[in-house]
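Heads up: the structure comes next, in structure tokens.
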Amino acid sequence: MIQKIMFMNGYGVFVWFSFAITFVSCAIIYIKTLRTLKKYENEYAKELNKLSVSERKIVLKKSKVASQVFASYNKSF
Amino acid sequence: MLTKKVKSRVYLISLILVSISIALFFILRSLNNNILYFKTPSDIKLEKTVNYNKIRIGGMVKKNSLKIDSEEIEFTVTDFKNELIVSYRGTVPNLFSEGKGVVAEGVLSDKNFFIADRILAKHDEEYMPPELKDLLKDNVK
Amino acid sequence: MFDLINPSRVFSWIQKLINFINSIFFVVLMIALTFALIISPPDYLQSDSVRIMYVHVPSAWIALASFTAIAFFSVLSFIFKIKNLNLISKSIAPIGLLFTFLAIITGSLWGQPTWGTWWVWDARITSMVVLSFFYIILIVIHKLIEDEDKAYKAASIVAIIGSINIPIIKYSVDWWNTLHQPQSINLLKGTSSIHSSMLLPLMLMLLVLLLYCALIFLMKYKTEIIRIKKKNIKRL
């Protein structure tokens, strides 16, 4: 049964290689994208941390994006 | 509602697209012979002189025309209007069979005879399980 | 109307959507793979090599659809100067390039056992290679041109010009003799020459890859929003 699925009447190599290359390259792009996203989130949160307390308060209040990134960054520490 | 600036940008884009499309249309039309991947037997028939350069021809392998010798295979390629006899030495792709599409690369020896040095199989856009194909065959009989 | 796609407004939705897709992705993937590799029948002519269709065809569709979307957004952003649409186009381009490459590579792997060749320069395949060049130009523009507004403008013009290639790819198999087979599914007429037992895994794999695209798009779009906010941090 398993042998039959692997062999696929002689087309197994082509079929499995097509599926493998699709999912491997998708996984690589996923990891790369996730890393870039995390990098930008962390850098942004660090810059928010660098601001003076009053400044940060204004930024966090005015920008939803800033407050969310900041909140999730602090949660992860 | 649309400001003058927006309107002018719409015109600009339409102009770009239309002019490129027209240019491309003429380029593609003049290149038509190079874009065609293969010629059909009817195309060969229409040519006034026999072209002895390397070309590709394509069509259906005529049913009951396939003859296999120890070294050579010979078959008729048809586009259901005209026909061409093809001879070939070598291995053929798995999907090559009578009643299926084929593309052959080689040279014409005269208007009706083609000597191929490479055979490619061309399949159609129908996909179905084997049991269903058998059923269809039975119905035709 | 365009307030709907205002970055600050959609930002809180992005992470929720990412989490949702992440939670269902592996279940859908396993179902699709089971159908594509095990349950679905082999083809009467091509035998099991037909299974390559389940990654090849959705990849090609996504490659074409991505460019169509980019071209559409580029026209809108060029005419109405909506900056947010540029961010969306920029986030889609790498996905389109990935799937153009996948369509070409899996097509090559399908061509060898069926046609008898890895590669031919017929109209369909050549126009797909041209599509990959357009994607590469779109991506490189953002790396090479420092001035963002100029980069967005150049990218929209390239996308609008490249959009002419899309109908050429789609109809190449009808307009010219090609080794590539004609299209099996006609959306306008609603007909399909693929048997339903093979259409199901095809659609399931399309769903999987679309979910994946949505995931990558959302992550890239989120990155872009944060990048803009970070640049303007003091301006608030």
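Naming: A, B, ... by sequence-line order, numbering from 1 per chain.
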Between B:Leu120, B:Leu66, B:Thr91, which is the residue that forms a side-chain contact (heavy atoms from CB on, under 4.5 Å) with B:Phe96?
B:Leu66

Go through the atoms of B:Ile35 and report whether side chain, backbone, both or neither lie under 4.5 Å from a heavy atom of chain C.
both

Shorter than 4.5 Å, heavy atoms on both sides: which option in C:Asp122, C:Leu179, C:Thr178, C:Ile194 has the most such pairs with chain B?
C:Leu179

When you look at B:Thr3 and B:Val6, which way does the side chain to side chain contact (heavy atoms under 4.5 Å, CB included) test go after all the steps?
CA-CA 5 Å; B:Thr3 63; B:Val6 168; 3.3 Å; yes

Rounded to the nearest 0.5 Å, what separation is found between the CD1 atom of C:Ile92 and the CD1 atom of C:Ile70?
5.5 Å

Full working for salt bridge (Lys or Arg N to Asp or Glu O under 4.0 Å) between B:Lys63 and B:Glu98
CA-CA 5 Å; B:Lys63 288 219 165 113; B:Glu98 288 185 346; over 6 Å; no

Using heavy-atom distances under 4.5 Å, tell me whether C:Val173 contacts chain B through its side chain, its backbone, both, or neither.
neither

Highest number of heavy-atom pairs under 4.5 Å with chain C: which of B:Arg56, B:Arg118, B:Met128, B:Lys7?
B:Met128

Checking heavy atoms, do the side chain of C:Ser197, its backbone, both or neither come under 4.5 Å from chain B?
side chain

Looking just at side-chain N and O atoms, do C:Asn186 and C:Thr191 make a donor-acceptor pair shorter than 3.5 Å?
no

Which residue out of C:Asn177, C:Ile157, C:Val120 racks up the most heavy-atom pairs below 4.5 Å with chain B?
C:Asn177

Under a 4.5 Å heavy-atom cut-off, does chain B meet the side chain of C:Gln46, its backbone, both or neither?
both

Decide yes or no on side chain to side chain donor-acceptor pair (under 3.5 Å) for C:Asn86 and C:Ser77, but give the supporting numbers first.
CA-CA 7 Å; C:Asn86 290 325; C:Ser77 84; 3.0 Å; yes

State yes or no: are the ring centers of C:His180 and B:Tyr37 separated by less than 6.0 Å?
no

Under 4.5 Å from a heavy atom of chain B, the part of C:Pro113 involved:
backbone

Polar contact flag, side-chain donor to acceptor under 3.5 angstrom, B:Glu105-B:Tyr88:
no

Under 6.0 Å from the ring centre and within 45 degrees of the ring axis: does the NZ or CZ of C:Lys81 meet both conditions for the six-membered ring of C:Phe78?
yes

Inspect the contact between C:Arg51 and C:Asp43 and indicate whether a charged nitrogen and a carboxylate oxygen are less than 4.0 angstrom apart.
no

Given a strict heavy-atom distance threshold of 4.5 Å, which part of C:Ile79 is in contact with chain B: side chain, backbone, both, or neither?
both

Region of C:Ser192 that comes under 4.5 Å of a non-hydrogen atom in chain B
neither

Part of B:Leu17 lying under 4.5 Å from any heavy atom of chain C
both

Of all of C:Ser47, C:Ser184, C:Gly116, which one pairs up most often with chain B through heavy atoms under 4.5 Å apart?
C:Ser184

Of all of B:Glu131, B:Lys100, B:Lys39, B:Lys5, which one pairs up most often with chain C through heavy atoms under 4.5 Å apart?
B:Lys100

Name the member of B:Thr40, B:Leu28, B:Val103 that forms the most heavy-atom pairs with chain C at distances under 4.5 Å.
B:Leu28

Side chain, backbone, both or neither: which part of C:Ile168 has an atom under 4.5 Å from a heavy atom of chain B?
side chain

